[in-house]
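Computed over heavy atoms, backbone and side chain alike; hydrogens, waters and symmetry mates excluded. Naming convention: chains lettered A, B, ... in sequence-line order (proteins, then strands); numbering from 1 in each chain. Not measured: the values here are computed from a predicted model.
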Protein chains: 2
Amino acid sequence: MQSLTIDTGASTGRQKKVSLTETAYLALRNRVLSGELRPGAEFSELELADQMSMSKTPVREALGRLVAEGLIEAFPRRGYRVTPVTVKDINDLFAIRAMTEGTAAAMAAINLSAGDLDRLEAMAEARYDPQQGESVQSFVKANRDFHLAIAEGANNQRLLALVTSHLDECTRLFYLGAVSRDVNPETSADHRRIVDVLRLRDPDLARAAMVEHSEHTQQGILKALIASDTTALTL
Amino acid sequence: MQSLTIDTGASTGRQKKVSLTETAYLALRNRVLSGELRPGAEFSELELADQMSMSKTPVREALGRLVAEGLIEAFPRRGYRVTPVTVKDINDLFAIRAMTEGTAAAMAAINLSAGDLDRLEAMAEARYDPQQGESVQSFVKANRDFHLAIAEGANNQRLLALVTSHLDECTRLFYLGAVSRDVNPETSADHRRIVDVLRLRDPDLARAAMVEHSEHTQQGILKALIASDTTALTL
DNA sequence: AACGTAATATACTACGAAATATGTCATGTC
DNA sequence: GACATGACATATTTCGTAGTATATTACGTT
């Protein structure tokens, strides 16, 4: 076979053409995480292929990855559906999140430079208007950036990947039921406290602050989801 | 589309026919984890398809999942190779393992019944003869069962999945370089201590014992890999 | 209620197109 | 004359399309 010398093409700023499989994967994942495809929704390969005007194969490969991730369920020879969400699921998910992000914060407390911390502090100032969908979306992105910046500070690629995927799944729950709630005061207070303890360079305190923040988010989302009359939750 | 009423077929004990994609995925993953396909090894879809006497499509779908898991790297329009292993990789991996299995042990300390603990204690007695490949393999399986039994005690499916995948990756490193070493005394001592502290139902002690065991394994594997003259490690 | 038949959707094969690497050869430079 | 450089042809490999086979469900008939 051909030799596999590596050229990431990172140095040249040329535009990277992504495969249809990657396109389908990102689009589908986004539709699930944004709540456009709600838990329990059923669909077929052909249906999605037509929507995205591509053949079934790339759609099929994208679905395979999402099934492996657990976001979608496959029913052999019958079809697919978005994996239903249960209360236990949510608790399990947030237990993982507290673990991964808590560990990341503890490691970041040691690694982050003063400049990094200043940038984090600026990120923690993000606010939003619960009435405006656009504002909600940019707040969600800012929140994501804040958490990922800390996870990057852990200097562990595997941990960063774990944090990213679980954080995105938590955000999905936020979209599913808690959009109407105003979490501004709680979130910004938590984020500020996290930056404060990171400055102390104390791993244990940083972990505790992050775990506490995760638990706050969990409580808020559980309340909002249970209160909402949507079909987001399955028993 | 057809309705997706659920029938897992679990109640009927009928034999489950697995798809070629699943077959290819399991076979490839096993070849990588067992060290048959070593880090850096290059190959093509056609090559693998011929070996397993199937079409390229199921192979391709299996490779997609392994790429997503990080076990294999894809080079668009050129081919694939087994992801090289670096020392930092190993340290990152074991940091994750200590985190996930430590957390699992802490949760298991609360959940496990006396009967569960007795079964665990029996599992901890597994020994092997470093000279016999067959014995090594059954020891590795027993070790896996021991760790997964604890992870199941955490009662969190997501955590169990994380523990499983990372434990398997650690086992791969064991196969890659440490086969010759005799880890019997160290392992059984650690395992016995873990069962002992689990009996105390103290989450913090259980976590500490598990983390310590993970670190012992990490040190042993690092030493063995660096000492071995194999090409398993990339700088 | 049991059975047969049609409809539907996946699972897989086969093939063609596009992209990348490699080898050859002509050309130019020292 | 030796060597480097670029153009072009060719081989290799993935990427995606299209079509076939098979499994499963739904439904009508007896």
Side-chain angles (χ1 to χ4, degrees), chain A residues 1-12 14-28 37 40-68 71-83, chain B residues 1-12 14-28 37 40-68 71-83:
Chain A
M1 73 177 297
Q2 302 176 31
S3 101
L4 259 46
T5 43
I6 303 176
D7 171 21
T8 62
S11 55
T12 75
R14 73 163 178 273
Q15 186 160 339
K16 178 162 54 176
K17 186 163 59 176
V18 299
S19 67
L20 288 184
T21 298
E22 189 70 9
T23 305
Y25 170 75
L26 292 174
L28 281 173
L37 279 171
E42 304 176 354
F43 50 87
S44 72
E45 293 176 357
L46 185 61
E47 197 179 327
L48 297 176
D50 286 347
Q51 284 174 20
M52 301 194 265
S53 37
M54 59 178 72
S55 177
K56 288 176 304 179
T57 303
V59 172
R60 181 178 170 70
E61 289 178 5
L63 285 171
R65 285 175 56 183
L66 291 166
V67 168
L71 237 43
I72 284 177
E73 288 176 326
F75 296 84
R77 305 267 180 194
R78 286 196 281 154
Y80 298 83
R81 80 167 173 200
V82 180
T83 306
Chain B
M1 71 179 296
Q2 302 176 31
S3 103
L4 259 47
T5 42
I6 305 177
D7 170 21
T8 61
S11 54
T12 76
R14 72 165 180 272
Q15 185 161 337
K16 178 162 55 176
K17 186 164 60 176
V18 299
S19 66
L20 289 183
T21 298
E22 190 70 8
T23 305
Y25 170 75
L26 292 174
L28 280 172
L37 278 171
E42 304 175 354
F43 50 87
S44 71
E45 293 175 357
L46 183 62
E47 198 178 329
L48 297 176
D50 286 347
Q51 285 174 18
M52 302 195 263
S53 39
M54 59 178 73
S55 178
K56 286 182 305 181
T57 303
V59 171
R60 182 179 169 69
E61 289 177 6
L63 284 171
R65 284 175 56 182
L66 291 166
V67 168
L71 237 43
I72 284 177
E73 289 175 326
F75 296 85
R77 307 266 179 196
R78 285 195 280 154
Y80 298 82
R81 81 168 172 199
V82 180
T83 306

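- A pairwise comparison of heavy atoms in A:S55 and A:A49 identifies O-CB, 3.7 Å as the closest pair.
- At whole-Å resolution of the value, CD1 in B:I72 and P in D:dT13 are 16 Å apart.
- Going from atom CG of A:D50 over to atom P of D:dT17 covers 12 Å, rounded to whole Å.
- Taking 4.0 angstrom as the limit, A:S55 places none of its side-chain polar atoms (N or O) nearer than this to OP1 or OP2 of D:dG16.
- Atom CD in B:E42 sits about 12 Å away from atom P in D:dT14, given to the nearest Å.
- Residue contacts for B:T57: at a heavy-atom cut-off of 4.0 Å it reaches a base atom on one of the strands shown.
- Spacing between atom CZ of B:F75 and atom P of D:dT14 amounts to 12 Å, rounded to whole angstrom units.
- For A:E22 and D:dG16, the CD to C1' distance is 15 Å, given to the nearest whole Å.
- Between B:L20 atom CG and D:dA23 atom P there is a gap of 12 Å when expressed in whole angstrom units.
- Taking atom CZ of residue A:R81 and atom C1' of nucleotide C:dA9, one finds them 17 Å apart after rounding to whole Å.
- Residues A:Y80 and A:E45 bring a donor and an acceptor atom of their side chains to less than 3.5 Å of each other.
- Side chain B:R77 to base D:dT14: a donor-acceptor pair is found below 3.5 Å.
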- Task: For the pair B:T23 and B:M52, evaluate side chain to side chain contact (heavy atoms under 4.5 Å, CB included) and give the outcome as yes or no after the intermediate values.
- Result: CA-CA 9 Å; B:T23 305; B:M52 302 195 263; 6.0 Å; no
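- The B:K56 side chain lies nearest to C:dG16 when the options are C:dT10, D:dT13, C:dG16.
- Mapping A:P76 and A:E61 onto DNA chain D by nearest heavy atom places A:E61 closer to the 5' end of the strand.
- For the OP1/OP2 pair of C:dC12 and a distance below 4.0 Å, the side-chain nitrogens and oxygens of B:T21 include at least one atom meeting the criterion.
- As a whole-Å value, the separation of B:Y80 OH from C:dT20 P is 15 Å.
- Here B:R60 reaches the OP1 or OP2 of D:dC15: one of its side-chain N or O atoms lies under 4.0 Å away.
- The side chain of A:R78 places an N or O atom within less than 4.0 Å of a non-bridging phosphate oxygen (OP1 or OP2) of D:dT25.
- Considering only residues two or more places apart in sequence or on other chains, A:S19 meets the side chain to side chain contact (heavy atoms under 4.5 Å, CB included) condition with A:T21, A:E22.
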- Task: Could you check B:L28 against B:F43 for side chain to side chain contact (heavy atoms under 4.5 Å, CB included), going step by step and ending with a plain yes or no?
- Result: CA-CA 12 Å; B:L28 280 172; B:F43 50 87; 5.6 Å; no
